[in-house]
Amino acid sequence: MITFPKPDVEQFLRTFSIADFAVSPDEKHLVFSTNLSGKYNLWGMDLPNSFPYPLTSIDQSCQGLIYDKKSRFIIAGFDQDGNENTQFYGVPLNGGTMKKIVNHENTRNFMPKLSNDSKKLYYTTSRGNPSFLNSYCLDLESGQERLVLEGKDAATYLFGFSPDEETLLYYKHFANTYTLLYAKKGNEDILLTPPTEKQHTVNDGVFVSDSMIYLLTDYDSDFTYLASYNLETNEFSKVKELENESFTAITYNKENQLLYLTSQKGVEDQLYEINLQNENWRNIPVPCSVINKLEVAASGTLYLFGMSATKPHNIYKNTGDEWVSLTKYTVPGVDSNELVEPDIITYPSFDGREIESLFFRAKKENENGEVIFWPHGGPQAAERKFFRASFQFFLNNGYSIFAPNFRGSTGYGLEFMKMVEGDWGNGPRLDNVAGLDWLIEQGHAQKGNILLMGGSFGGYMALLLHGRHADYFKAVVDIFGPSNLFSFINSVPEDWKPVMDQWVGNPEKDKEKLIEFSPITYLESMIKPMLVIQGANDPRVVKEESDQIVQALKDKGRDVDYLLLEDEGHGFSKKENEIAVYQKILSFLKRFTAVTEKV
C-alpha cells in the first residue's frame, strides 16, 4: 500500500480565489477575476459551458467589473501591483487587446456605471478633488466628459441613477458609521433619511421606478433594515427589519418586481426575497456561509459568489430551488474531511459585554498544543465563516486558531461598531486580553505560550498587545500593521483623511491618547521574537509603518525578521508571494513550537 505525506503549504495555498464576477445581460457569458494562473486575471465562461478561458494576461487585480447592457463588451478596473490607483479599460468579450477608457496617472477611480444605452460611463474619481472626490459622465463615442457631482464635506460617491437617468443616487462617507444617501435631480439634493443629529448609515440603495427608491439603513435603529423613499411625496418608510440582523446589499429584478437582500448576523449571511407586488417575503437557502456578491438576471436567475470556512470562493447559479456550482474551487489534493469548521463561542469581556469568536481547533491527529491568537483587520470588519487557506494550512500543521470579534466589529449593530472609533488602543485591546484569559482559563493555552498574529488592524493590535501584554506570548507576527498612529493618520489615501479624526483621532486634540494607543510607544516591552511582513506598494498602511518599528527594534538588539514584498500592496495578489509569506510564517512559528516540545 502506498502512503503519502501530509499536504504541504503549496497544496493549501494553491487554492484559487475569486475577487469579483459579472454575468452578461443575455446570460451567454460570465467573467470573473481569479488567480487561476497564479496571478489575478479575467477569465470567461461561455454559458452554459462552465469551462473557463483567459481573457487578460496583465496579472493584476480587478476592481470594478461590469458588462455593456447589450452584452458586447466588458468594463474592468485594474491597479498596478496593489497600489489601488485603479484605471478603467474596455475588454472584448473573448479577450484580447484592451482599450484604455479612464486612465489618469496617480488617481483613484471607483464604481463604474454604464448608461442604459451603454454610450456613457459614469464613475467617481480622486482626480481634481482627492479628499472629497468628483464624479463624471464620459461619452464613450466622443471621449467628452462632464462633471456631474462635485464632492464636498466628505468623500462623495456616485452610486446609481433612475431608469430615466434624470436622478442621480449618491452617498457621502463621513465615517464607516456615518454615511448618508442622497438623490440629485437637477440642482436639488434630497437626503433620503429623515434629518437627525444622530449618526447613522445607509449601506445600499436602488431605484425601482423613477420616483421610488429602496434603501438599507440603520436610521433610528441599531441594526440595518429595509426602507423606502418616495421622491414624489418625500416620504421615508420602514419596510422590513429583522432582530439582531443587518441587511448588507440589495438587488432588484425589474421583470418580476422582486427585491433580493443579503444580510449579516454575526459570522454568517442570509439571503431573502421580497415580492413588491404582494409583499410576500421568503428566506432562500444558500450553498455558503458568506455571500460576497449576488447578481440577478432579467430572467430571474440568481448568480451568487460566496464561500464558507471549509469551502473556497465559488460562483453558483440558481434557476429554482437548486444551486449549481459554476466553478469547482477546492483545496487541491486535500479531502474536505481534513478541513476544520470553527466553533462559535462567546466570552465575557472586562465590562461584561459578550464577545463572539470563532475557535478553529486542530484535529486531534494533527494538534501540536499550540494556539494562534488572531485579531482581525478592519477594525470595522469581522472574522466570519469565510475561507482562509492560511488558516486551514496552520490547522493541518497542528495549530489551533482563536479569532475574536472584539468591539468595533461589524455584524453586531451600529453601537458595537462605533465602540472602536477614537478608541483603537483601549476597549478592543481589553476585549482581546479577555479572550486570551478565556483561552487560559478554559485550559486551551498557557500564559506566555501563545502565538500572536494579525494583519492590517490585526497587525496593529498584534503590535500593541505585544507592547502592553508581552507576558501572554512567545512570538508575534505582524502583517502590514500600523505602528505609529501619527504617521499612519498622515499617510493614508487623501479620501480617507477626512474620516480620521472620528475613526482614529486628531493628532493635536488627541495627542496624549494617540501616544498611548501607538504600538511604537512600547518598544521597551516588545521583548518577544517578531516577524514583520509588508507590501512595498501598500497605500493604506504604508511601508514606513513597518520600516520604523523594525528599525527601532533592531536598534535595541531585538529578535525581529522583516519580509518586504516589492510587488504587493495591502494583501497578497500573487500566489508565489502568498506561498512565500506563509512558508516564512510557518518556519518562524516552528522555531517556538520545537522549543515547547523539548520542554
Side-chain angles (χ1 to χ4, degrees), residues 16-37 40-58 61-78 88-99 101 111-122 140-141 160 163 206 249 251-260 262 271 273 284 286-288 291-306 313-329:
F16 302 118
S17 297
I18 298 171
D20 196 3
F21 88 104
V23 179
S24 64
D26 61 10
E27 294 185 75
K28 293 181 179 179
H29 196 257
L30 181 148
V31 61
F32 60 116
S33 173
T34 180
N35 58 354
L36 193 55
S37 65
Y40 277 94
N41 280 292
L42 295 184
W43 290 66
M45 292 180 183
D46 294 328
L47 300 176
N49 176 15
S50 61
F51 188 84
Y53 54 89
L55 300 179
T56 67
S57 56
I58 61 172
S61 300
C62 179
Q63 301 90 34
L65 189 59
I66 55 175
Y67 273 94
D68 153 50
K69 301 298 177 67
K70 296 182 180 179
S71 305
R72 297 168 298 184
F73 59 86
I74 299 162
I75 298 289
F78 301 98
F88 296 128
Y89 298 81
V91 182
L93 281 188
N94 294 316
T97 303
M98 301 191 302
K99 180 180 180 180
I101 303 294
M111 303 173 70
K113 306 281 182 186
L114 280 168
S115 60
N116 292 327
D117 61 8
S118 293
K119 293 182 179 180
K120 299 183 291 291
L121 178 71
Y122 294 84
L140 294 175
E141 294 179 346
V206 64
T251 308
Y252 178 54
N253 176 239
K254 179 178 68 175
E255 288 71 19
N256 298 311
Q257 294 185 50
L258 298 172
L259 285 178
Y260 292 91
T262 58
L271 176 62
E273 175 193 272
I284 301 175
V286 293
C288 53
I291 300 170
N292 298 85
K293 184 178 181 179
L294 177 74
E295 285 211 354
V296 185
S299 65
T301 301
L302 305 182
Y303 294 85
L304 182 150
F305 157 41
H313 298 92
N314 276 294
I315 300 170
Y316 302 89
K317 176 181 178 179
N318 185 311
T319 54
D321 294 325
E322 182 182 3
W323 292 95
V324 176
S325 184
L326 298 179
T327 55
K328 308 291 183 182
Y329 287 178

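Sequential numbering from 1 along the given sequence is applied to the chain's residues.
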Just by modelled atom types, is the [Y] backbone N or O under 3.5 Å from a matching donor or acceptor in the [X] side chain?
X   : Y   : answer
Y53 : G95 : no
T56 : N41 : no
D26 : K70 : no
S61 : Y40 : no

Check whether any side-chain heavy atom of [X] sits under 4.5 Å from a side-chain heavy atom of [Y], and report yes or no.
X    : Y    : result
K28  : S71  : no
Y316 : L302 : no
V31  : L93  : no

Tell me the closest heavy-atom pair linking [X] and [Y], and the distance in Å.
X    : Y    : answer
G44  : L55  : N-CG, 3.7 Å
N256 : S299 : ND2-O, 4.2 Å
K69  : L114 : NZ-O, 3.2 Å
A76  : L42  : CB-CD1, 3.8 Å
N318 : T301 : O-CG2, 3.4 Å
L271 : Y260 : CD1-CB, 4.5 Å

Self-check item: No-hydrogen, no-angle side-chain donor-acceptor test under 3.5 Å, T34 and Y329
Solution: yes
Quiz item: Does one side chain, of S33 or D20, offer a donor that lies under 3.5 Å from an acceptor on the other?
Solution: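 Note: S33 and D20 side chains miss the donor-acceptor criterion.
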In Å, rounded to the nearest 0.5 Å, how long is the span from [atom1] of [X] to [atom2] of [Y]?
X    : Y    : atom1 : atom2 : value
I18  : W43  : CD1   : CH2   : 12.0 Å
M45  : T327 : CE    : OG1   : 5.5 Å
N292 : N314 : CG    : CG    : 10.5 Å
K99  : F73  : NZ    : CZ    : 9.5 Å
E295 : T251 : CD    : OG1   : 8.0 Å
K317 : L30  : NZ    : CG    : 9.5 Å

Practice problem: Carefully, step by step, assess I66 and F88 under the rule side chain to side chain contact (heavy atoms under 4.5 Å, CB included). | Solution: CA-CA 11 Å; I66 55 175; F88 296 128; over 6 Å; no
Quiz item: Parallel, tilted or perpendicular: which fits the ring planes of F21 and F305, with parallel below 30° and perpendicular above 60°?
Solution: perpendicular
Quiz item: Pick from I74, L65, T97: which one makes a side chain to side chain contact (heavy atoms under 4.5 Å, CB included) with V91?
Solution: I74
Practice problem: Please step through side chain to side chain contact (heavy atoms under 4.5 Å, CB included) for the pair L326 and Y303, ending with a clear verdict. | Solution: CA-CA 9 Å; L326 298 179; Y303 294 85; 4.1 Å; yes
Exercise. Determine, step by step, whether E322 and T319 satisfy the side chain to side chain contact (heavy atoms under 4.5 Å, CB included) criterion, reporting the C-alpha distance in whole Å, the side-chain angles of both residues, the deciding distance to 0.1 Å, and the verdict.
Key: CA-CA 7 Å; E322 182 182 3; T319 54; over 6 Å; no
Exercise. Start with the C-alpha distance between H29 and Y67, add both sets of side-chain angles, then the distance that settles side chain to side chain contact (heavy atoms under 4.5 Å, CB included), and finish with yes or no.
Key: CA-CA 10 Å; H29 196 257; Y67 273 94; 2.5 Å; yes
